[in-house]
A.B. asks: 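The structure is given below, and queries will be raised subsequently.
In what follows, residues are counted from 1 in the order of the sequence shown. Whatever order the structure lists ligands and atoms in, that order sets their numbers, starting from 1.
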Amino acid sequence: MPVHNAEIAEMLNEVADLLEIQGANQFRIRAYRNAARMVADLTQGVSEMIKNGEDLAQLPGIGKDLAGKITEIVESGKLGLLDELKKDMPGDLSGLMRIDGLGPKRVKVIYEKLGVSTLQGLEKAARDKKIRELPGLGEKTELEILTALKRVQEGKKRLKLPEADETAKLLLAHLKEVKGIRALEAAGSYRRRKETVGDLDILASVKKGTRIMDHFVNYEDTGTVISRGETRSSILLRSGFQVDLRVVEEGSYGAALQYFTGSKAHNIAIRKMGVQKGLKINEYGVFRGRERVAGKTEADVYKTVGLPYIEPELREDRGEIEAAQKKKLPRLVTLDDIRGDLHVHTKLTDGHSSLQEMAEAAQKRGYEYLAITEHSQRVTVAGGIDKKALARQIKEIDALNSTLKGFTILKGIEVDILEDGSLDLPDDILKELDVVVCSVHYKFNLPERKQTGRIIRAMDNKYFHIFAHPSGRLINERDPYPVDMEKIMEEAKDRGCFLELNAHPDRLDLTDIYCKTAKGMGVKVAISTDAHSINSMDFMRYGIGQARRGWLEADDVINTRSLKELKKLLKR
Ligand code: DGT
Ligand code: CA
Ligand code: CA
Ligand code: ZN
């Protein structure tokens, strides 16, 4: 049974959580956290790497000891150290730590004073108004805990993209072992590249007598078989995640793919168009009376209602059908269009790879440029740098650039937007940089008017280029801060500033809807990975998926430009 990266990361994080509650050494805690993030950010399965005999200690931030721990998890599904820690601290204390507003100190108080060690216990204590009586907690925290608990309960059911990708990849590989498969793919929200996936909808067309259903329900990661039929089966994986498999005949494959890709709203609109033409459209095909007039390919289905093929990412009934009727569908941006990454960190702050390694990784991806954007001084927990350290890095980049051909490292910073709207570093150093990425990293709870004003004031600084992860949300974890995004876009447009689509799968911020708004307003977007290691530069593809859902074309995205064109755009 392959152990997923997400499971490994979770265990390492749990160790860090429990060590933190114990008050262990900060370096030790940090090492486990970094390793967890490193593993979660990998685009390759660690189980697979071990199977291939790769040395985990080669990974940035992973020493021999941690490599051993990770191998232990992969080989036994368990971690001795974690079991030891849990013996001392029963229940789910690390689960409590993941509740917004609860850190190790507060969890410790809650555990010691109320004996609460589970989410259920926490909910009860909050409802019984017991939390507010604890030292340093209060009524406000109690309410925050209840809101956060609700979010955790709702959010847990949907997978973020890396886990969905890994789940789909392994399962499809398993199904492909069967002989006689004609076509096989994952449809649903997964194919539409939605930011979270509720369940997987797999579709297959097979030759007669192919025993794909047996093979499906016997998958090694199956937890429960919900139903098993000849054309449709559903299972729950060990994680509780649901997968449906449908087998259709060749002549229906396109119609079924169209139907199960959805979205439901898009399908309903298409079906209505069919009705107006006297056609019945369902997962088996397009029918006039009893005759099937289309069904083999998706394009055939769209053609019967007079439409060109519509890309899956657009199928949300958000205007794509009208655009298709007018032959005005966007030519969506692709990964191949991207010529560089404009937001990455290195070892100098909280990244895991060196400047040189990051530059090489960017070249390997066929990029022309890469902007190094470390955190600024205010972000002490991430080792943010001051003016002096930045000046040193600028020199280092100049030196490295003089050795590179056909590739340029851009000098940048991810500078904090302070509460009053000023930037965390002085202009006399910002002016030395090619790219200034600006972020809100604290004071998320300002009222909307204040937060909006803060950001607009920051954009008044003529060195402000890109507004990073504009809403501040973390998917399934933290809501966006209140802000008037349209107003910000308007002001960005006036000043020649850009908005980031942060491609990290925990963020995907801008959202698809705001990408479309930005495009409509003529504000250009930078798709950036915020990579903290060479591997996470692969997050670009998640950003591309989101950009496509937001109707963005290559022209709407600044890092599809050549270096020369980009530099022009960055001159405000
Ligand atoms: P999810 O799983 O919540 O992330 O979202 P989807 O879009 O994958 O939804 P799911 O798994 O419930 O259904 C897969 C597709 O099947 C959906 O996108 C469209 C199609 N579908 C499901 N129910 C209906 C329905 O009642 N009418 C129509 N026209 N299509 C449906
Ligand atoms: Ca689904
Ligand atoms: Ca489904
Ligand atoms: Zn960042």
A.B. asks: For atom 28 (C) of ligand 1, find the nearest protein heavy atom and state the residue, atom name and distance (0.1 Å precision).
C.D. replies: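 Protein heavy atom with the smallest distance to atom 28 (C) of ligand 1: Y259 OH, 3.5 Å.
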
A.B. asks: Which of the numbered atoms in ligand 1 are below 4.0 angstrom from a heavy atom of G188?
C.D. replies: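 So the atoms of ligand 1 that pass are 8 (O).
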
A.B. asks: Would you tell me which option among E316, K194, K264 has the nearest heavy-atom contact to atom 23 (N) of ligand 1?
C.D. replies: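 Considering heavy atoms of E316, K194, K264, the nearest to atom 23 (N) of ligand 1 sits in K264.
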
A.B. asks: If the cut-off is 4.0 Å to any non-hydrogen atom of T261, which atoms of ligand 1 fall inside it?
C.D. replies: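 Here the atoms of ligand 1 in question are 18 (O).
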
A.B. asks: Is a salt bridge present between E298 and R191, judged by a nitrogen-to-oxygen distance below 4.0 Å?
C.D. replies: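 Counted as a salt bridge, because a side-chain N and a carboxylate O are separated by less than 4.0 Å.
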
A.B. asks: Going by the side chain to side chain contact (heavy atoms under 4.5 Å, CB included) test, name the single residue among D214, T210, L184 that passes it with V178.
C.D. replies: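 For V178, the side chain to side chain contact (heavy atoms under 4.5 Å, CB included) check succeeds only for T210.
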
A.B. asks: Quick one: does atom 7 (O) of ligand 1 have a protein heavy atom under 4.0 Å from it?
C.D. replies: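 Under the 4.0 Å cut-off, atom 7 (O) of ligand 1 does have protein heavy-atom neighbours.
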
A.B. asks: At less than 4.0 angstrom from any non-hydrogen atom of V197, what atoms of ligand 1 do you find?
C.D. replies: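 In order of numbering, the contacting atoms are 4 (O).
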
A.B. asks: Using a strict threshold of under 4.0 Å (side-chain N to carboxylate O), is an ion pair present between K86 and E14?
C.D. replies: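 Result for this pair is yes, salt bridge flagged.
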
A.B. asks: How far is atom 29 (N) of ligand 1 from its nearest protein heavy atom, and which residue and atom name does that atom have?
C.D. replies: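 Nearest neighbour among protein heavy atoms for atom 29 (N) of ligand 1, to 0.1 Å: R271 NH1, 3.2 Å.
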
A.B. asks: Would you say that D337 contacts T334 through its side chain, given a criterion of any heavy-atom pair below 4.5 Å between the two side chains?
C.D. replies: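 Touching, per the 4.5 Å side-chain cut-off.
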
A.B. asks: Hey, does the side chain of H469 reach the backbone of S439 with a donor-acceptor pair shorter than 3.5 angstrom?
C.D. replies: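 Checking the backbone N and O of S439 against the side chain of H469, no donor-acceptor pair under 3.5 Å is found.
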
A.B. asks: Under 6.0 Å from the ring centre and within 45 degrees of the ring axis: does the NZ or CZ of R246 meet both conditions for the six-membered ring of F260?
C.D. replies: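 Pair R246/F260 counts as cation-pi.
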
A.B. asks: Please say whether the positively charged group of R192, taken as NZ for Lys or CZ for Arg, lies over the ring of Y190, i.e. under 6.0 angstrom from the six-membered ring centre and within 45 degrees of the axis.
C.D. replies: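 No, R192 does not lie over the aromatic ring of Y190.
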
A.B. asks: What atoms of ligand 1 come closer than 4.0 angstrom to any heavy atom of S263?
C.D. replies: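 Once the distances to S263 are compared, the set is 18 (O).
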
A.B. asks: Determine whether any heavy atom of D244 lies closer than 4.0 Å to an atom of ligand 1.
C.D. replies: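 Contact check D244 vs ligand 1: negative.
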
A.B. asks: Please determine which of N267, D201, V248 meets the side chain to side chain contact (heavy atoms under 4.5 Å, CB included) test together with Y259.
C.D. replies: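 So the option named by the test is N267.
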
A.B. asks: Can you report which non-hydrogen protein atom sits closest to atom 15 (C) of ligand 1, along with the distance?
C.D. replies: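 For this ligand atom, the closest protein heavy atom is F260 O, 3.3 Å.
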
A.B. asks: Less than 4.0 Å is my threshold; does some heavy atom of R158 fall inside it relative to ligand 1?
C.D. replies: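 Per 4.0 Å heavy-atom rule, R158 contacts ligand 1.
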
A.B. asks: With side chain to side chain donor-acceptor pair (under 3.5 Å) as the criterion, how do R37 and S536 come out once you've worked through the C-alpha distance, each side chain's angles and the decisive distance to 0.1 Å?
C.D. replies: CA-CA 10 Å; R37 180 154 82 181; S536 32; over 6 Å; no

A.B. asks: Among D350, L12, V15, N13, which residue satisfies the side chain to side chain contact (heavy atoms under 4.5 Å, CB included) criterion with R33?
C.D. replies: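 Going through D350, L12, V15, N13 one by one, the side chain to side chain contact (heavy atoms under 4.5 Å, CB included) with R33 is satisfied by N13 alone.
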
A.B. asks: Could you check atom 18 (O) of ligand 1 against the protein and tell me its nearest heavy-atom contact, residue, atom and distance included?
C.D. replies: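 Looking at atom 18 (O) of ligand 1, the protein heavy atom closest to it is G262 CA, 3.2 Å.
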
A.B. asks: With a 4.5 Å cut-off on side-chain heavy atoms, are D341 and R365 touching?
C.D. replies: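 No, their side chains stay 4.5 Å or more apart.
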
A.B. asks: Are the side chains of D530 and R507 in contact, using a 4.5 Å heavy-atom criterion?
C.D. replies: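 In contact.
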
A.B. asks: How far is atom 1 (P) of ligand 1 from its nearest protein heavy atom, and which residue and atom name does that atom have?
C.D. replies: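 Checked against all protein heavy atoms, atom 1 (P) of ligand 1 sits closest to S189 OG, 3.4 Å.
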
A.B. asks: Anything protein N, O or S sitting under 3.0 Å from the Ca ion (ligand 3): count it and give me the total.
C.D. replies: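 For the Ca ion (ligand 3), the figure is 4.
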
A.B. asks: Which residue owns the protein heavy atom closest to atom 9 (O) of ligand 1, what's the atom, and how far is it?
C.D. replies: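 Going by distance alone, atom 9 (O) of ligand 1 is nearest to D201 OD2, 4.7 Å.
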
A.B. asks: State the atoms of ligand 1, each with its element, that fall below the 4.0 Å cut-off from a heavy-atom position in R192.
C.D. replies: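 Heavy-atom distances to R192 below 4.0 Å select 7 (O), 18 (O).
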
A.B. asks: For atom 11 (O) of ligand 1, which of the options I268, D199, I270, N267 provides the nearest non-hydrogen atom?
C.D. replies: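 That would be D199.
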
A.B. asks: With a 4.0 Å cut-off on N to O distance, would you call E195 and R549 a salt bridge?
C.D. replies: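 Not counted as a salt bridge, because no side-chain N and carboxylate O are separated by less than 4.0 Å.
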
A.B. asks: Measure the acute angle between the ring planes of H345 and H532, then classify it against the limits of 30° and 60° as parallel, tilted or perpendicular.
C.D. replies: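 Aromatic pair H345/H532 classed parallel.
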
